[in-house]
There are 2 protein chains.
Amino acid sequence: MAKLDFSPIADTTRRAEIVALLRRAILTGQLEPGQKLNELRISEQMRVSRAPLREAMRELVQEGILTSIPYAGTFVINVAAKDIDDAYSFNKVMDELAIERAWKLRDQRFFDELDRRHEAVKQATRDLDTTRQIETALQLHGLIYEWADNSVLLETWQRLTSRLQMYFALHQRARNEPVPSEDVHETYVQLLKGKDMRAAQRHAREHIDLDFEELLAYARGLEKRASKGA
Amino acid sequence: MAKLDFSPIADTTRRAEIVALLRRAILTGQLEPGQKLNELRISEQMRVSRAPLREAMRELVQEGILTSIPYAGTFVINVAAKDIDDAYSFNKVMDELAIERAWKLRDQRFFDELDRRHEAVKQATRDLDTTRQIETALQLHGLIYEWADNSVLLETWQRLTSRLQMYFALHQRARNEPVPSEDVHETYVQLLKGKDMRAAQRHAREHIDLDFEELLAYARGLEKRASKGA
DNA sequence: TATTGCTAGATTGTCGACAATCTGCTTGTC
DNA sequence: GACAAGCAGATTGTCGACAATCTAGCAATA
């Protein structure tokens, strides 16, 4: 018999689809930070009852991109500069760890997948699809976590990813300028293919620095304006 | 006017109470790994409808101590040796990070709180209350995370804590022997009060090693027996 | 004028019932 | 006896309605 690897079929509950829809809306910025989610309105728009919607919202609360206040409502999380800074410095350490763990496990499949994801980023860049560009860049970045062979590390990264994607989408929308067309990931990919682990770690750290610094500056600006307005 | 810091009043939704009840049942081992949670039966026992129960279960699924299969049921997660090993090696790195971040921020309040939590562990040990002993030991350990001033790091620790507590409770119940009565945390506390950060990090790493190694051996034994039985 | 108490509307939390799906058993066929 | 089809029971997923709570606005009071 031919060996066939069937993947589990998709979860076809309304709940799962609602989670996907809401997450996408939040991560792409269609739902803005701080915005309240009106259950009745959303359930009517989605043609779904409130029960699965509420369950979906509970999941996203635990995922860390929604926050709930009993009898008041469920809101998209607010983004403070401190939050971004925390995520950023945490991410730096996690990256070093992931590269270290994944390093010895790199194989041909790893390199192939690396190229595939890199190509996806370049495609999104050519298409001027900023949302997809962020998404694919994070997926490219996530490969080292998938290869690190540690479920807790991977899970932590995935949780962090949600928020990172939200932050970057927010930033992109705000500055509203064409995405950088040059390929900022070329060096990263090459280093991951190379022999110098320390160099790869160092570059990951510095490369992340760049993106985050810009993001941080933007968030700080937001807060300064907010405090003046108040 | 006297300055009074009121803390937010407790969430008094059924959902929140259910979450607390279920979490406690899982972490103390009243609900065993792999066990299925029958919604109807539990809701009847708690005198609650299935809606808030289901929402509570969604939260715990995201928290990582329950797992859900559509139309099949929601189960307490199974504990594989690999999971414990992953949590263990991840925890080592996190600990080093937390100590490093918290080190400069230690103050009198930190030392006081450290003593307070240490005392709580000793009290639980005197009471021969194993569940509480695990709980307080993790709280003692968590102080460095609370002091590290990084929300993501703290949140990650808290998520990990749930599973750690479950693992240790499982272990304790299994070996079914009186808890060690000597104070294994004395050195840890003293080092956190001292001046040598590296020494504190090293001890945290080695101290954790001990507990985990025993736990791992136990889990591996379980799996070996399970594979033979099948 | 500032503060308190009340009311109406909107929104969230909870409930009981129904629909969709799974599981195990029985039945029938070869 | 082996196997597939189909039925019954149990369980999960979803729905619509009701109860509890909050918020904003207005009236009453000092």
Side-chain angles (χ1 to χ4, degrees), chain A residues 1 6-23 25-26 31-63 65-78 230, chain B residues 1-2 4 6-23 25-26 31-63 65-78 230:
Chain A
M1 201 201 297
F6 285 112
S7 54
I9 72 169
D11 298 356
T12 50
T13 59
R14 295 185 195 283
R15 182 181 70 238
E17 291 191 44
I18 297 170
V19 166
L21 274 176
L22 282 182
R23 187 190 287 122
I26 296 165
L31 285 168
E32 291 176 16
Q35 188 172 342
K36 178 174 175 178
L37 278 70
N38 185 308
E39 297 178 1
L40 194 58
R41 217 183 48 212
I42 294 178
S43 70
E44 279 169 355
Q45 286 178 357
M46 291 189 180
R47 305 287 181 83
V48 172
S49 82
R50 283 173 57 223
L53 172 63
R54 282 174 59 87
E55 291 184 18
M57 285 163 84
R58 281 327 134 230
E59 290 191 24
L60 294 176
V61 166
Q62 284 305 108
E63 197 172 308
I65 58 180
L66 289 181
T67 180
S68 165
I69 304 173
Y71 289 107
T74 304
F75 309 81
V76 179
I77 57 164
N78 266 306
Chain B
M1 201 199 299
L4 258 177
F6 287 111
S7 55
I9 72 170
D11 297 356
T12 50
T13 59
R14 297 186 195 281
R15 184 181 68 239
E17 291 191 45
I18 296 170
V19 166
L21 275 176
L22 282 181
R23 186 190 288 120
I26 296 166
L31 285 168
E32 291 177 16
Q35 189 172 344
K36 178 174 175 178
L37 279 69
N38 185 309
E39 297 179 2
L40 195 58
R41 217 183 48 213
I42 295 178
S43 69
E44 280 170 356
Q45 286 177 356
M46 290 189 181
R47 305 286 181 83
V48 172
S49 81
R50 284 174 54 223
L53 172 62
R54 282 174 58 87
E55 291 185 18
M57 285 163 86
R58 281 328 133 228
E59 289 191 24
L60 294 175
V61 166
Q62 284 304 109
E63 198 173 307
I65 58 180
L66 288 183
T67 179
S68 165
I69 303 174
Y71 289 106
T74 305
F75 308 81
V76 179
I77 57 165
N78 266 306

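First the proteins, then the strands, lettered A, B, ... as listed; each starts at 1.
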Quiz prompt | Partners passing side chain to side chain donor-acceptor pair (under 3.5 Å) against A/Arg15 (at least two apart in sequence or in another chain) | solution = A/Glu55, A/Glu59
Quiz prompt | Rounded distance [0.5 Å steps], CG in A/Leu22 versus CG in A/Leu31 | solution = 7.0 Å
Exercise. List in chain and number order the residues that pass side-chain contact (heavy atoms from CB on, under 4.5 Å) with A/Glu63, two or more places apart in sequence or in another chain; answer none if no residue qualifies.
Key: A/Arg23, A/Leu60, A/Ile65, A/Ser162, B/Gln62
Quiz item: Of all heavy-atom pairs between A/Leu66 and A/Met57, which one has the smallest distance, and what is that distance?
Solution: CD1-O, 4.0 Å
Exercise. Give the minimum heavy-atom separation between A/Val61 and A/Ser68, together with the two atoms involved.
Key: CG2-CB, 4.0 Å
Exercise. Classify the nucleic acid contact of A/Ile18 as base, sugar-phosphate or nothing, counting any heavy atom under 4.0 Å across all strands shown.
Key: nothing
Practice problem: Give me the first and last nucleotide of DNA chain C, going 5' to 3', that has any atom under 4.0 Å from a heavy atom of chain A. | Solution: C/dT11 to C/dT14
Self-check item: B/Tyr71 vs A/Ala72, nearer the 5' end of DNA chain D by closest nucleotide
Solution: B/Tyr71
Quiz prompt | Members of residues 42-54 of chain A that approach DNA chain C, where some heavy atom sits under 4.0 Å away | solution = A/Arg50, A/Arg54
Quiz item: If you take all heavy atoms of B/Leu53 and B/Ser43, which pair is closest and at what distance?
Solution: CD2-N, 3.8 Å
Self-check item: Main-chain N/O of B/Val76 paired to B/Lys36 side chain as donor or acceptor, under 3.5 Å
Solution: no
Quiz item: Would you find more than 12 non-hydrogen atoms of other residues, nucleotides or ligands less than 6.0 Å from A/Glu32 atom CD?
Solution: no
Self-check item: Those residues that, when tested against B/Glu39, pass side chain to side chain donor-acceptor pair (under 3.5 Å) (two or more places apart)
Solution: B/Arg50, B/Arg54
Quiz item: Using rotation axes that map the C1' atoms of four end pairs onto the next four (five pairs an end), what angle separates the end axes of the helix from C/dT1-D/dA30 to C/dC30-D/dG1, to 10°?
Solution: 10°
Practice problem: Just do the side chain to side chain contact (heavy atoms under 4.5 Å, CB included) check on A/Leu40 and A/Glu44 with the steps written out, would you? | Solution: CA-CA 6 Å; A/Leu40 194 58; A/Glu44 279 169 355; 3.9 Å; yes
